[in-house]
Protein chains: 2
Amino acid sequence: MDKDVLEYIGKINTALENNETVIIAANCEVNYYGKVESFLPSGDRIILIKSDKTLLVHQPTGVNPINYMKEGTEVKLVVDKGQVILKAKHLFLKDFLDAKIHLIHFVNTHKLEDGGKIEVVGSEADMSDMIYENPLLIEPGFKPFSREEHTKVGFIDVFGTDKKGKVVVIECKRDNADFKAVQQLHRYIHKICKSKGIKEENVRGIIASPKISSNAKVMLEELGYKHVSVNPPKYLARYDKKQKRLGEF
Amino acid sequence: MDKDVLEYIGKINTALENNETVIIAANCEVNYYGKVESFLPSGDRIILIKSDKTLLVHQPTGVNPINYMKEGTEVKLVVDKGQVILKAKHLFLKDFLDAKIHLIHFVNTHKLEDGGKIEVVGSEADMSDMIYENPLLIEPGFKPFSREEHTKVGFIDVFGTDKKGKVVVIECKRDNADFKAVQQLHRYIHKICKSKGIKEENVRGIIASPKISSNAKVMLEELGYKHVSVNPPKYLARYDKKQKRLGEF
DNA sequence: ATATAGATCTCGTCA
DNA sequence: TGACGAGGTCTATAT
């Protein structure tokens, strides 16, 4: 066994015990046994073990890890018959991952401190807020009376009445709305009507999204619902010409 | 400007030009503008830039990156008024990410080579294969005649007839089946009947999954469909007592 | 390009 | 704990 390798092993195991973040660049093969089984032949990968004992194996391409273990995994490096193996197990989740390490390119460990919370603007929730505050984005006379309703009935984005006093249910999608969005809207309306004893003809359904797929449009119109083109809000976009009116309300 | 920092910058930019994989552990704040806008205040993070110019920003906890840029991003480190900034842009996707770097904990770069393809056992496709080859897992007399049907009709997992010659459509779920799985099954059957001019009463629907949610069960039975308990296949599980019979067919 | 669905989806939230 | 929906979902596949 190489002296360098033994030093790496010591360094990594110490860092793991101290809940440091550990990064290993290595040629390795990876076997996983848990919800599925997976087998990854040899190649160069980045192994990242976080302070919460999340483990990620990344190939040199793509956004997603090729293998991972969730928070709370027990991880250690062992030597078995001259073979360096990273052993990871999560007893509660019944997950097991072994990485046979053939060659270590580099190792780094560090105690990382991070309490930062991300703020995101432009989510579906922001869209429903925007509509709630700017009902004209839907149509004249629309009066919202609740948003982000998390009840037995469902998670209704915006709930209100139109100029004739008819109940309106709005489902927001921040991107293209597909037939699933229409099904979702239909399900909410079905549940509302059932629970409140209203006829479905007396409730209007609206999809609010930047665009809608052709199949979804057909399904929507078959159900008697309609689509309104609305873009999700962005800070910077508030100054765009098209959405300038947002600031006016 | 620190001499160390200038060395880091040079090292990183050179590595990026050579399509090496780059790892930076740094205290930084991150702004993203693209599909949404996001703002992440200061904290210690791992920044990983892959050889295909995928960029990931990981906090010290959790499986998912807190920010990312997809394959094909232009990345460089610049110094602006004494401030080190990692600038990433993806012109085609109209995505922009800036990371203001306050402190670098460590940097590592390496040329990584990996052609390894993962093999996964236990996916939904494996389940439908298993059922196709072992129809008794569904019921006596079931005769499958296609699997993984990707056609106009839909993506039907397993398609066949029962002992009375009635058409059977099976939707597989590798885990808990929810009401969406039932909707999916219903949708497929609806489309089949429409395209082939069959009455829906003459088609049977089956959800094959390890378990099913109570709501889904209710919906399933209202539609006259049924649930069959099937576990996704695993190599090792073939030797389990319960599934030993798989090998017998 | 759009449409559709799986994923070891993950993550948050609420009953 | 289960159920349910969002996600900058990502990724693969078919049309």
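The chains referred to below are lettered A, B, ... by the order of the sequence lines, with proteins before strands, and numbering in each begins at 1.
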Span that lies between the C1' atom of C/dT10 and that of C/dG6, in whole angstrom:
14 Å

Is there a donor-acceptor pair under 3.5 Å between the side chain of B/Asp126 and the backbone N or O of B/Asp129?
no

Span that lies between the C1' atom of D/dA6 and that of D/dC10, in whole angstrom
14 Å

Protein-nucleotide distance (B/Lys180, atom NZ; C/dA7, atom C1'), rounded to Å
14 Å

Starting the side chain at C-beta, find the nucleotide from C/dA7, D/dT1, C/dT2 nearest to A/Phe92.
D/dT1

Nucleotide of D/dA6, D/dC10, C/dC9 approaching A/Glu124 most closely (side-chain heavy atoms)
D/dA6

Rounded to whole Å, how long is the line connecting atom CG of B/Asp157 with atom C1' of C/dT4?
13 Å

On the nucleotide C/dG6, are OP1 or OP2 found under 4.0 Å from the side-chain N or O atoms that B/Gln184 carries?
yes

Measure from the side-chain heavy atoms of B/Asn215 and tell me the nearest of D/dA3, C/dT8, C/dT10.
D/dA3

Distance check, C1' atoms only: D/dG5 and C/dA7, in whole angstrom units.
16 Å

Does A/Thr61 or B/Asn64 map to a spot on DNA chain D nearer the 5' end, using the closest nucleotide for each?
B/Asn64

Indicate, with a heavy-atom threshold strictly under 4.0 Å, whether B/Gly62 touches base, sugar-phosphate, or nothing.
sugar-phosphate

Side-chain ion pair, A/Lys53 and A/Glu74, N-O less than 4.0 Å
no

Tell me which nucleotide among C/dA3, C/dT8, C/dT10 gets nearest to the side chain of A/Val36.
C/dT8

Out of C/dA5, D/dG5, D/dG8, which has the shortest distance to the side chain of B/Leu97?
D/dG8

Presence of A/Lys70 side-chain N/O under 4.0 Å of C/dT10 phosphate oxygens OP1/OP2:
yes

Go through the N and O atoms of the side chain of B/Asp95 and the base of D/dG8, and report whether any donor-acceptor pair is under 3.5 Å.
yes

Separation of C/dT4 C1' from A/Lys217 NZ (nearest whole Å)
20 Å

Nearest to the side chain of B/Ser123, which nucleotide is it out of C/dA7, D/dT9, D/dA3?
C/dA7

Just call it for A/Asn176: base, sugar-phosphate, or nothing, with non-hydrogen atoms closer than 4.0 Å on any strand.
sugar-phosphate

